[in-house]
Amino acid sequence: MNRRVRLCLVALGGTGLAALFTAAFLRLPAFGGDRHPYGDRAVRAALHRHTANTIASVNFDLRAFDTLGETSILFASVLGCVVLLRQARDEHRARPEPADVAPPVRRYALLVLPVAVLTGLYVVAHGQLSPGGGFQGGVVAATALHLLYLGVDYRALERVRPLGAYEAGDALAVSAYVVTGLAAVLAGTAFLANTLLPYGTFNTLSSGGTVPLLNAAVGMEVACAVVVLLARFLDQAVEIEEDGGK
């Protein structure tokens with residue numbers, strides 16, 4: 001394929017994309033108007049399915065298939081980093097030496113760590129009720145563990161970060177999301193349709209049908225993925241050295 005053919009294909013694809021965007025924009029409500037058909041329908045669907053947080057209803061109910069794609073992108077990205085940052089043949093691991101940490105840093109890091117972890121878990125657990133959810137809470141919980149690195153040293157972080165368990169948790173969380181969708185198919189409805197569980201009492205932890213399950217799966221996947229991702233980069237910065245000592 002020569003350069004002329006590639007340019008023609010790019011121009012053809014760009015023209016089609018531009019036409020689709022133009023057609024979509026022409027159907028949008030007027031800027032600053034009070035008519036928002038998608039928002040009105042999303043709110044009605046959330047209330048009908050007893051999900052107090054409309055955004056969670058959109059992410060894990062109305063557009064649950066899109067969220068599966070986003071979760072898969074994160075999973076594939078972490079997998080790519082694991083492959084690219086693995087220890088090479090011309091590298092060796094040098095055990096990090098204990099670091100001297102200023103007492104105020106150590107004190108406040110250890111004080112904030114359990115609070116931050118609980119906050120992350122709270123945000124995940126209440127994702128269907130209040131702002132937040134699996135993506136946000138998973139990041140908070142995962143990064144909170146790394147306060148051990150700041151407040152103590154790298155070896156302390158390694159003791160609470162068995163990478164094998166987190167890698168397995170990442171894969172299991174993505175699988176749980178897919179299995180929940182397949183369960184809906186086996187029950188005779190559409191993939192990821194919110195029909196498997198009762199909708200429960202509005203504004204309670206058990207409300208929303210399958211929304212809490214999918215939200216928890218995403219929270220677990222994001223938390224494990226961020227831990228694994230940061231571990232690979234920290235290994236490169238702290239432990240892995242070339243044979244020449246660099």
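Atoms considered below: every heavy atom in the structure, side chains included; atoms not considered: hydrogens, waters and symmetry mates.
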With hydrophobic residues grouped by side-chain heavy-atom distances under 4.5 Å, do [X] and [Y] end up in a single group?
X: Leu230; Y: Leu147; answer: yes
X: Met220; Y: Val178; answer: no
X: Val139; Y: Leu113; answer: yes
X: Tyr166; Y: Leu172; answer: no
X: Val124; Y: Val174; answer: no

Any donor-acceptor pair under 3.5 Å from [X] side chain to [Y] backbone:
X: Arg232; Y: Leu229; result: no
X: Thr189; Y: Val185; result: no
X: His50; Y: Gly200; result: yes
X: Asn215; Y: Gly133; result: no
X: Asn194; Y: Asp61; result: no
X: Asn59; Y: Ala64; result: no

Would you name the heavy atoms of [X] and [Y] that are closest together and state the gap between them?
X: Thr143; Y: Val140; result: OG1-O, 3.2 Å
X: Ala217; Y: Ala176; result: CB-CB, 4.5 Å
X: Ala56; Y: Gly127; result: CB-O, 3.3 Å
X: Leu62; Y: Arg49; result: CD2-NH1, 3.4 Å
X: Ala184; Y: Ala190; result: CB-O, 3.3 Å
X: Ala52; Y: Asn203; result: CB-OD1, 3.7 Å

With the side chain counted from C-beta on, respond yes when [X] and [Y] share a heavy-atom pair under 4.5 Å apart, and no when they do not.
X: Leu74; Y: Glu70; answer: no
X: Leu192; Y: Thr210; answer: no
X: Glu221; Y: Phe75; answer: yes
X: Leu148; Y: Leu110; answer: yes
X: Leu85; Y: Asp235; answer: no
X: Leu145; Y: Val117; answer: yes
X: Val101; Y: Val152; answer: no
X: Tyr38; Y: Val58; answer: yes

So, taking the atom named [atom1] in [X] and the one named [atom2] in [Y], what distance separates them when rounded to the nearest 0.5 Å?
X: Ser72; Y: Leu79; atom1: OG; atom2: CG; answer: 12.0 Å
X: Tyr149; Y: Glu158; atom1: OH; atom2: CD; answer: 10.5 Å
X: Gln128; Y: Phe202; atom1: CD; atom2: CZ; answer: 11.0 Å

For this session: Test side chain to side chain contact (heavy atoms under 4.5 Å, CB included) on Thr51 and Val211 and set out the steps.
Result: CA-CA 8 Å; Thr51 307; Val211 170; 4.0 Å; yes

For [X], is the [atom1] atom crowded, meaning more than 12 foreign heavy atoms sit under 6.0 Å from it?
X: Phe65; atom1: CZ; value: no
X: Tyr199; atom1: OH; value: yes
X: Asp40; atom1: CG; value: yes
X: Leu196; atom1: CG; value: yes
X: Tyr108; atom1: OH; value: no

For this session: Assign the ring pair His126 / Tyr122 to parallel, tilted or perpendicular, where the plane angle (0 to 90°) is split at 30° and 60°.
Result: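 Taking Tyr122 first and then His126, their aromatic rings lie parallel (interplane angle under 30°).
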
For this session: Classify the angle between the aromatic ring planes of Phe135 and Phe60 as parallel (below 30°), tilted (30 to 60°) or perpendicular (above 60°).
Result: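 Rings of Phe135 and Phe60: parallel, under 30°.
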
Problem set entry | Intermediate values then yes/no, side chain to side chain contact (heavy atoms under 4.5 Å, CB included), Leu214 and Thr180 | CA-CA 8 Å; Leu214 298 179; Thr180 303; 3.7 Å; yes

For this session: Start with the C-alpha gap between Thr67 and Val218, add the side-chain angles, then the distance that decides, and say whether side chain to side chain contact (heavy atoms under 4.5 Å, CB included) holds.
Result: CA-CA 9 Å; Thr67 302; Val218 168; 4.2 Å; yes

Exercise. What do the steps show when you test Thr201 against Ser207 for side-chain hydrogen bond (donor to acceptor under 3.5 Å, both in side chains), and what is the final call?
Worked result: CA-CA 5 Å; Thr201 304; Ser207 62; over 6 Å; no

Problem set entry | Salt-bridge present (Arg161, Glu167; N to O < 4.0 Å) |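 No, this pair does not count.
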
For this session: Please assess Arg106 against Leu150 for the test side chain to side chain contact (heavy atoms under 4.5 Å, CB included), listing each intermediate value before the final yes or no.
Result: CA-CA 7 Å; Arg106 181 187 300 270; Leu150 299 178; over 6 Å; no

